[in-house]
A.B. asks: 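The structure's right below; bear with me while I get my questions together.
We're numbering straight along the sequence, starting at 1.
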Amino acid sequence: MYIILNQEGEKIAHINNMIILDAERQKVLGILIGDCFFGKGPKVVGKIFNSTAYLTNGDIVGKVERNKELKSSSIKKAELLEAWDILTNIKEHTCEWIKESKKWSKKSFLDHLV
């Protein structure tokens, strides 16, 4: 399992079985397909590479690291159904080349997924 940190280093989400979950509410926010992440919309939101989550415009929205406090947690059926709903609504699953930058997005990672 991996965690996603904001610019201040606070845990904002985690990734479990390619599903992006809100850190506090355990709500499904998006999914990963390969290194691309998707939210509730039908298009790619960004990519994760070099331990960083980038938007398609190159802005940073999070840092990704392995969860040091790894807890074994299974995905609930309701979470799988939400993730499946996101997957079936994706219309564009390819992403253009992302030119990475050092600039952080003004909007949070979570805001980009809804």
Side-chain angles (χ1 to χ4, degrees):
M1 185 181 325
Y2 291 87
I3 57 174
I4 301 172
L5 307 171
N6 64 13
Q7 190 171 7
E8 290 77 35
E10 302 163 329
K11 182 168 96 171
I12 54 172
H14 66 269
I15 302 168
N16 190 3
N17 291 326
M18 307 311 271
I19 299 174
I20 302 169
L21 298 153
D22 178 274
E24 294 174 10
R25 294 172 285 179
Q26 299 298 305
K27 181 179 174 188
V28 174
L29 300 170
I31 62 171
L32 282 170
I33 299 175
D35 57 358
C36 296
F37 58 91
F38 299 81
K40 303 289 182 174
K43 296 181 180 179
V44 174
V45 176
K47 282 187 177 183
I48 296 175
F49 55 93
N50 296 332
S51 300
T52 304
Y54 292 97
L55 296 174
T56 55
N57 68 1
D59 288 355
I60 299 170
V61 285
K63 293 291 183 175
V64 181
E65 59 183 53
R66 186 173 283 285
N67 189 354
K68 296 174 183 92
E69 303 162 1
L70 183 64
K71 296 179 189 172
S72 176
S73 64
S74 10
I75 298 295
K76 299 173 189 153
K77 184 176 181 179
E79 293 168 340
L80 280 175
L81 292 174
E82 281 186 70
W84 183 255
D85 189 47
I86 292 170
L87 179 63
T88 57
N89 287 318
I90 293 172
K91 303 296 181 229
E92 283 186 40
H93 59 81
T94 58
C95 182
E96 298 296 322
W97 184 264
I98 295 177
K99 186 173 180 180
E100 55 189 301
S101 74
K102 304 279 186 211
K103 180 180 150 215
W104 279 81
S105 171
K106 292 184 188 330
K107 289 173 54 177
S108 76
F109 176 74
L110 303 179
D111 290 339
H112 286 284
L113 295 177
V114 289

A.B. asks: Between atom CG of Asn6 and atom OG of Ser108, what is the distance when rounded to the nearest 0.5 Å?
C.D. replies: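 Interatomic distance, Asn6 CG to Ser108 OG, rounded to 0.5 Å: 8.5 Å.
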A.B. asks: Is Leu113 linked to Val28 within one hydrophobic cluster, defined over Ile, Leu, Val, Met, Phe, Trp and Tyr using a side-chain heavy-atom separation of less than 4.5 Å?
C.D. replies: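 In one cluster: no.
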A.B. asks: Where is the tightest heavy-atom contact between Met18 and Gly34, given as atom of each residue plus distance?
C.D. replies: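 Met18 and Gly34 have their closest heavy atoms at CE-O, 3.9 Å.
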A.B. asks: For the ring pair Tyr54 and Phe37, is the centre-to-centre distance below 6.0 Å?
C.D. replies: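 Not close enough - the centres of the two rings lie 6.0 Å or further apart.
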A.B. asks: Can you tell which of Leu29, Ile15, Val61, Leu110 makes a side-chain contact (heavy atoms from CB on, under 4.5 Å) with Ile4?
C.D. replies: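 The single option meeting the side-chain contact (heavy atoms from CB on, under 4.5 Å) with Ile4 is Ile15.
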A.B. asks: At what distance, to the nearest 0.5 angstrom, does CD1 of Ile12 lie from CD of Gln7?
C.D. replies: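 If we round to the nearest 0.5 Å, Ile12:CD1 and Gln7:CD are 11.0 Å apart.
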A.B. asks: Could you state the interatomic distance from NZ (Lys103) to CG (Asn57), rounded to the nearest 0.5 Å?
C.D. replies: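 Answer rounded to 0.5 Å: 6.5 Å.
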A.B. asks: In this structure, would Val45 and Phe109 fall into the same cluster of hydrophobic residues linked by side-chain contacts under 4.5 Å?
C.D. replies: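 Yes, Val45 connects to Phe109 through the hydrophobic network.
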A.B. asks: What's the shortest heavy-atom distance between Ser105 and His112, and which atoms?
C.D. replies: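 Taking Ser105 first and His112 second, the nearest heavy atoms are OG-NE2, 3.0 Å.
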A.B. asks: Any non-hydrogen side-chain atom of Val44 less than 4.5 Å from a side-chain atom of Phe38?
C.D. replies: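 Yes; the side chains approach each other to less than 4.5 Å.
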A.B. asks: Considering non-hydrogen atoms only, spot the tightest contact between Ala23 and His14 and give its length.
C.D. replies: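 Heavy atoms only, the tightest pair is CA-ND1, 4.3 Å.
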A.B. asks: Check this for me: Glu96, atom CD, are more than 12 non-hydrogen atoms of other residues, nucleotides or ligands nearer than 6.0 Å?
C.D. replies: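 Not more than 12 within 6.0 Å, no.
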A.B. asks: What about Leu55 and Leu32, same hydrophobic cluster or not, with Ile/Leu/Val/Met/Phe/Trp/Tyr joined at side-chain heavy-atom distances under 4.5 Å?
C.D. replies: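 Same cluster: Leu55 reaches Leu32 through Ile, Leu, Val, Met, Phe, Trp or Tyr contacts under 4.5 Å.
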A.B. asks: Using 0.5 Å steps for rounding, measure from the CZ atom of Arg66 to the OG atom of Ser51.
C.D. replies: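 OG of Ser51 is found 10.5 Å from CZ of Arg66.
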A.B. asks: So do Ile20 and Ile31 actually touch side chain to side chain, heavy atoms under 4.5 Å?
C.D. replies: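 Contact flag for Ile31/Ile20 side chains = no.
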A.B. asks: Starting at CD of Glu10, measure out to CD1 of Ile3 and round the result to the nearest 0.5 Å.
C.D. replies: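 Going from CD on Glu10 over to CD1 on Ile3, the span is 12.0 Å.
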A.B. asks: Counting only heavy atoms not in Lys40 (residues, nucleotides, ligands), do more than 12 fall under 6.0 Å from its NZ?
C.D. replies: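 Yes, because the 6.0 Å sphere around NZ of Lys40 holds more than 12 heavy atoms from other groups.
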A.B. asks: Are more than 12 heavy atoms from other residues, nucleotides or ligands located less than 6.0 Å from atom CH2 of Trp104?
C.D. replies: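 Result for CH2/Trp104: enclosed.
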A.B. asks: Is there side-chain contact between Leu87 and Ile33, with at least one heavy-atom pair below 4.5 Å?
C.D. replies: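 In short, these two side chains touch, coming nearer than 4.5 Å.
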A.B. asks: To the closest 0.5 Å, what do you measure between CG (Asp111) and NZ (Lys106)?
C.D. replies: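 Atom-to-atom, Asp111:CG and Lys106:NZ are 14.0 Å apart.
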A.B. asks: Measure the shortest side-chain to side-chain distance between Leu80 and Ile19 over non-hydrogen atoms and say whether it is less than 4.5 angstrom.
C.D. replies: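 When only atoms from C-beta onward are counted, Ile19 and Leu80 do touch, with a gap below 4.5 Å.
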A.B. asks: Suppose we screen for side-chain hydrogen bond (donor to acceptor under 3.5 Å, both in side chains). Which residues come up paired with Glu65, at least two apart in sequence or across chains?
C.D. replies: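 Counting only residues at least two positions away or on another chain, Glu65 forms a side-chain hydrogen bond (donor to acceptor under 3.5 Å, both in side chains) with Lys68.
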A.B. asks: Ile98 and Ile60: same hydrophobic cluster, using ILVMFWY side-chain contacts below 4.5 Å?
C.D. replies: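 Yes.
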A.B. asks: Kindly give the heavy-atom pair with the smallest separation between Ser101 and Gly58, and that separation in Å.
C.D. replies: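 Closest heavy-atom pair between Ser101 and Gly58: OG-O, 2.9 Å.
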